[in-house]
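Values below: all heavy atoms of this structure, side chains included; hydrogens, waters and symmetry mates excluded.
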Amino acid sequence: MKDQSDRLAAAWDELVDTARRTVADGLVVGTSGNVSVRVRDLILVTPSGVPYDRLGPSDTTAVDLDGRQIIGRLRPTSELPMHLAVYRSTAATAVVHTHAPHATAVSTLVPELPPVHYMTAALGGPVRVAPYALYGSEELAANMLGALRDRTACLLQNHGTMAYGDSLDQALDRTAQLEWMCRVWLTAASVPGCTPSLLSPGQLDAAGAQLRGYGQRKDPLD
């Protein structure tokens, strides 16, 4: 029992730190956006309308996969349907939702972020835009799942971003990469008389294969 309690406490601390990083990195303003992490059958999630710098250990908020509150007195984020939809449909253990400004701008312009950089492959391919629906609604959750098909991130029309991963660090990194690519495309597309060059499906496939071997490899003898 103590091991589970310690694990939940550590996961909550990491979740709060990640939520605060979304503010520090300019991905959200105020209490917009939300973060969640899965610990076995529990989903720890940021509460609704509470500034992240005020969250402490006593504010731990958790629900089960059906959305029933199991831990905490604070109401979970209004975007809980989107988080639960991701966990029910993927192997995700962490989800980050933001209102990142460049990504939100792109979501109002195109149905899919043009592949201006090879990091597109790291998200599974060209990032789709989920059709607009009221925030917090099951319709938005369904639209998001459609845009996430074979992807690890998507844009939400006139709203923001959604990304998931095997960890909070990975979900946040994917969010940051998406925001950066949106900024690059907006910058390139704004140059009068010029059209940004885009990567072909073949080029993205090659980049994806290269990215799968990126980073440090763990020594099997360690």
**Asked** Between Ser107 and Asn158, is there a donor-acceptor pair closer than 3.5 Å when you use the side chain of the first and the backbone of the second?
**Response** yes
**Message:** Checking Arg151 now: which residues fulfil side chain to side chain contact (heavy atoms under 4.5 Å, CB included) with it, not counting sequence neighbours?
**Reply:** Pro126, Arg128
**Request:** Look only at the side chain of Gln69 and the backbone of Leu74, and say whether a donor-acceptor pair between them is shorter than 3.5 Å.
**Result:** yes
**Request:** Kindly compute the distance separating OG1 (Thr93) from CG (Leu168), expressed to the nearest 0.5 Å.
**Result:** 7.5 Å
Under 3.5 Å, which donor-acceptor pairs link side chains of residues 183-192 to any protein atom two or more places apart or in another chain?
from, atom 1, to, atom 2, distance (Å)
Thr187, OG1, Arg183, O, 2.8
Ser190, OG, Leu186, O, 3.4
Ser190, OG, Thr187, O, 2.7

**Request:** Please round to the nearest 0.5 Å and tell me the distance separating atom CG of Leu27 and atom NE2 of His102.
**Result:** 11.0 Å
**Item:** Residue pair Val45 / Val95, side-chain heavy-atom distance below 4.5 Å
**Value:** no
**Request:** Indicate yes or no for a side-chain donor-acceptor contact from Asp59 to the backbone of Gly56 under 3.5 Å, with no hydrogens or angles considered.
**Result:** yes
**Prompt:** Does the side chain to side chain donor-acceptor pair (under 3.5 Å) test come out yes or no for Thr98 and Thr161, once each step is laid out?
**Reply:** CA-CA 5 Å; Thr98 77; Thr161 70; 2.7 Å; yes
**Asked** Hey, what do you get for CG (Leu123) to OG1 (Thr175), rounding to the nearest 0.5 Å?
**Response** 9.0 Å
**Message:** Tell me whether the count of non-hydrogen atoms from other residues, nucleotides or ligands lying under 6.0 Å of CZ in Arg88 goes above 12.
**Reply:** yes
**Side-chain heavy-atom pair Leu134, Glu139 within 4.5 angstrom cut-off** = no
**Prompt:** Are Leu113 and Cys182 close enough that some pair of their side-chain heavy atoms sits under 4.5 Å apart?
**Reply:** yes
**Request:** Using side chain to side chain contact (heavy atoms under 4.5 Å, CB included) as the criterion, point out the one residue from Val39, Val63, Thr61 that pairs with Leu44.
**Result:** Val39
**Prompt:** Distance only, no hydrogens: is a donor on one side chain within 3.5 Å (strictly under) of an acceptor on the other, for Thr22 and Tyr52?
**Reply:** no
**Asked** In Å and rounded to the nearest 0.5 Å, what is the CG to CE distance from Asn143 to Met162?
**Response** 13.0 Å
